[in-house]
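Just so you know, ligand 1 is whichever comes first in the structure, and atom 1 is the first atom listed for that ligand. Residue numbers run from 1 in the order of the sequence given.
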Amino acid sequence: MDRADRRADRIEGLRRAVRYHDHRYYGLEDPEILDADYDDLRRELIALEEAHPHLITPDSPTRRVGASPSGLFAPAPHRERMFSLDNAENANELADWMARLERRLGRPPGDLVCELKIDGLAVTLTYEHGVLTRSATRGDGVTGEDVTANVRTIPAVPLRLLGDAPGFMEVRGEVYMPLPSFEELNARQAEAGERMFANARNAAAGSVRQKDPAVTAGRNLSIWVYQLAYMEGGPALGSHSETLELLGRLGMRVNPATAVVPDLPAAAAFVERARAERNDLPYQTDGVVIKLDDLAEQERLGFTARAPRWAVAYKYPAEERTTRLLGIEINIGRTGAATPFAVLEPVFVGGANVGMATLHNEDEIRRKDIRVGDHVVVRRAGDVIPEVVGPVVSRRTGEEHPWSMPSHCPFCGAPVVRPEGEKVARCTRGLTCPSRLREWLFHFAGRGGMDIEGMGYKTIDLLLDKGLIEDPADIFFLRADDFLDPEHPLRPEHTEHKPGCWFEGWGALSVGNLMDGIEAARDRPVGRLLVGLGIRHVGGTVARLLARESGGMEALKTADAERLAAVDGIGTVIAESVVEWFSDEDNLRLIDRLGEGGVRLADPERAEDPARVLEGVRLVLTGGLESMTRDAVKAAVEEQGGALTSAVSTKTTALVAGSSPGGKLAKAEALGVPVIDEAGFLRLLEEGPSALG
Ligand code: IVH
């Protein structure tokens, strides 16, 4: 086959695939692949057709928008064509869009309107003299399906408009299912043994396209409207933002997170903010829609065959993708717990390449029936660790095989044992298992523990590999010289400026920085050291309590379980675990050696209560922080007895403003709520409200 034939073949193959998945999605409402994977197929087909227009055939699935009517509903021809939107996937594509606009307009456009891109089902609503007379789905853009009876059951859709309604209007909006309702629905479906929905969007679409409106009515749907397609006998409108105001005044639901901005950089900032806050919303969004505000400019630009030129959808990277599960391996954690993880054919998901994902535990793998060789759905949302959601059963070939926990630790060979009734299997070696040791050192040096700058896995692996450390205390005996490679001995001609004698990847500067990091860690509060030691049941809060109660390591060595258990917030289980840890000879030796290494073993006396420094404090976060995810901020605040709430009010103690803060900033300023930055927040976490000054 020559190249041209192969190309024609590929195009035909893509068409068959797209047709098939269109049918599964629109016809059977039972999609077999993820939207993102479908989009890839379609995009490749469009690109090939664009590059080789002579190969386009009228029956290609790219020649129409969306689905053809299913026959379940009466056809509803649209008065104005229902367009889709062109996508931009990154800042460059956004800039290209703007450049095209400027070329056509001969100057930069005026204001831009940024709206959330709601991930639901597009509908059009027709109001005649203020009364809802018809609602239809998009269909192929020219003719939709008449779903009036079903849409009428959605409480947020006004059956009659408020005030002075225009004689005739056609409004576009997105029907969606709030996430809590989606979860409830799926739970109900599961209970009743009915089909579950893959996501809230499919659930919304499936609920609108029901034969019986009573079913739709029971599905708790809602709507956001975002576009006026046609109007007769209404007020004169000059801009899209005025249009949205009008729609709101007439009683329709317009999303409040809409902003008018002067230019593209401001729109890009809106996108970042929306992305940071999207997981706080009770509904799904999949991007931001940017529209020109000036209706005269919109008019001048008009439409392409598919979409308006005056708008663009900035889509977030897909958070779910399918890929092949090549194998399952286990990791032995700090406590010896064996955690299975997936080795994947690398896939770009949630904005990063993912080759590994967590599988939680053995039961979870069995419950989801995940088999080695399966195609699996991988999810990576925000900064969350990628996970395997489940297998794509329809793509099995019979070659896949179930997995079970290995009987021996792959790192030290000791038996892996799962006690009756427990979820977790463990390596039985103890801390001499190299994987446990490595994880312990990482935890010891990590943020919650001694927070040693520069001591990540890479450094730890080198130190272990070269035999320079065997436990956490060894870290404090390291000297810069230890990083000189003995195979390249230091010779007189080697100076700081002529490296080559350090271990690979290291130099005078990085070694110096690490030494500074270790030096700084010597003086950490005892609570952090206690966390770093990895005593069972001793997290940050308990560690601070223990440090405060005892004053330091010396007293803990002889602490009495009963007395410890009497401390508010400690209890018997923790007390016994602490006493047990401090009665182990090896552990006592470790503490002595930490002391010899210069680590602080006692805290200076402090008058006030350092535990739970944020008791009664209410914080709100807007924008993103460099050093912590939103979830980590929440956990840290709650651990200190504070609360992280979503809306700024007069009860808010302070607003933490990260990069590209949102509308909450203006609100805080208006209410006189103190605003702090990331550094201020970290101080607040350590010192409590006194850090607010
Ligand atoms: S405007 C002529 N605004 O996204 C302009 N669409 O991928 C038509 N969507 O078909 C669309 N939120 O179903 C617009 N704020 C928003 C939107 C939005 C969600 C949907 C709509 C559209 C699809 C395009």
Side-chain angles (χ1 to χ4, degrees), residues 25-26 35-36 38-39 42-43 46 64-67 78-89 93-94 97 112-125 135-142 144-145 147 151 156 169-177 199-202 204-205 208-209 221-231 239-241 243-245 247-248 252-261 267 270-271 274-275 278 281 283-293 295 297-299 301-316 318:
Y25 187 95
Y26 295 109
D35 294 354
Y38 171 83
D39 288 347
R42 211 179 149 90
R43 207 164 323 154
I46 290 172
R64 70 159 184 240
V65 193
H78 299 303
R79 158 154 216 146
E80 296 288 323
R81 196 178 158 146
M82 251 178 115
F83 284 93
S84 182
L85 289 173
D86 281 333
N87 293 339
E89 304 226 323
E93 291 183 15
L94 208 54
W97 170 71
L112 306 171
V113 182
C114 302
E115 298 168 5
L116 301 184
K117 185 163 166 2
I118 312 298
D119 199 8
L121 175 75
V123 295
T124 181
L125 305 168
S135 177
T137 63
R138 178 162 69 207
D140 63 4
V142 177
E145 296 171 312
V147 287
V151 168
M169 68 195 310
E170 222 178 274
V171 179
R172 304 276 151 85
E174 201 85 354
V175 171
Y176 69 95
M177 185 176 289
N199 53 46
R201 211 263 324 266
N202 287 354
V208 169
R209 302 181 70 262
L221 298 168
S222 192
I223 193 169
W224 295 115
V225 302
Y226 44 69
Q227 197 65 36
L228 178 59
Y230 183 80
M231 178 168 74
S239 67
H240 180 62
S241 45
T243 308
L244 293 178
E245 269 168 42
L247 297 178
M252 284 180 256
R253 250 177 127 228
V254 178
N255 194 289
T258 301
V260 181
V261 300
F270 181 96
V271 171
R275 195 206 305 263
R278 73 187 282 220
L281 296 174
Y283 48 88
Q284 271 182 339
T285 62
D286 60 345
V288 168
V289 182
I290 304 173
K291 302 173 180 172
L292 296 197
D293 194 24
L295 295 184
E297 282 177 357
Q298 288 192 5
E299 181 96 15
L301 289 165
F303 297 80
T304 67
R306 211 183 90 82
R309 290 197 182 86
W310 42 264
V312 70
Y314 190 113
K315 294 249 270 186
Y316 305 132

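- Looking only at side-chain heavy atoms (C-beta outward), Phe270 and Val288 come within less than 4.5 Å of each other.
- Look at Ala311 and you'll find every heavy atom at least 4.0 Å from all atoms of ligand 1.
- Evaluation of the side chain to side chain donor-acceptor pair (under 3.5 Å) rule for Ser239 yields Ser241 as partners, not counting sequence neighbours.
- Contacts of Leu85 with ligand 1, taken as heavy-atom pairs under 4.0 Å, involve both backbone and side chain.
- In this structure the side chain of Val171 reaches within 4.5 angstrom of the side chain of Met252, judged on heavy atoms.
- With ligand atoms numbered from 1 in the order given, ligand 1 contributes 12 (N), 15 (N) to contacts under 4.0 Å with heavy atoms of Leu116.
- Note: no N/O pair closer than 3.5 Å links Gln227 and ligand 1 by distance alone.
- In this structure the side chain of Asp39 reaches within 4.5 angstrom of the side chain of Lys315, judged on heavy atoms.
- A heavy-atom separation below 4.0 Å is found between Lys291 and ligand 1.
- Only the side chain of Pro308 comes within 4.0 Å of ligand 1, counting heavy atoms alone; its backbone N, CA, C and O stay farther away.
- Using a 3.5 Å distance cut-off with no hydrogens or angles, the side chains of Tyr226 and Glu174 do pair a donor with an acceptor.
- A heavy-atom separation below 4.0 Å is found between Lys117 and ligand 1.
- In terms of N/O distances under 3.5 Å, ligand 1 is approached by Ile118.
- Considering backbone and side-chain N/O of Phe303, none are found under 3.5 Å from N/O of ligand 1.
- Proximity of Ile290 to Val261: side-chain heavy atoms (C-beta onward) are nowhere separated by under 4.5 Å.
- Scanning the protein for heavy atoms near atom 20 (C) of ligand 1, the closest one is Glu174 OE1, 3.4 Å.
- His240 has its side chain within reach of Val113: a pair of non-hydrogen atoms, C-beta onward, lies under 4.5 Å apart.
- No salt bridge links Arg201 with Asp286; every basic N to acidic carboxylate O contact stays at or beyond 4.0 Å.
- Ring geometry, Trp310 versus Phe303: the interplanar angle exceeds 60°, so the pair is classed perpendicular (tilted spans 30 to 60°).
- Using a 4.0 Å cut-off between heavy atoms, Arg138 contacts ligand 1 through its side chain alone, with no backbone atom that close.
- Considering backbone and side-chain atoms together, Tyr226 places an N or O closer than 3.5 Å to an N or O of ligand 1.
- For Ser84, no nitrogen or oxygen atom sits less than 3.5 Å from a nitrogen or oxygen atom of ligand 1, counting backbone and side chain alike.
- Side-chain atoms of Tyr316 and Arg275, non-hydrogen and from C-beta on, do get closer than 4.5 Å to each other.
- Within ligand 1, the atoms closer than 4.0 Å to a non-hydrogen atom of Glu115 are 3 (N), 15 (N), 16 (C), numbered from 1 in the order shown.
- Ranking protein heavy atoms by distance to atom 8 (C) of ligand 1, first place goes to Phe83 O, 4.0 Å.
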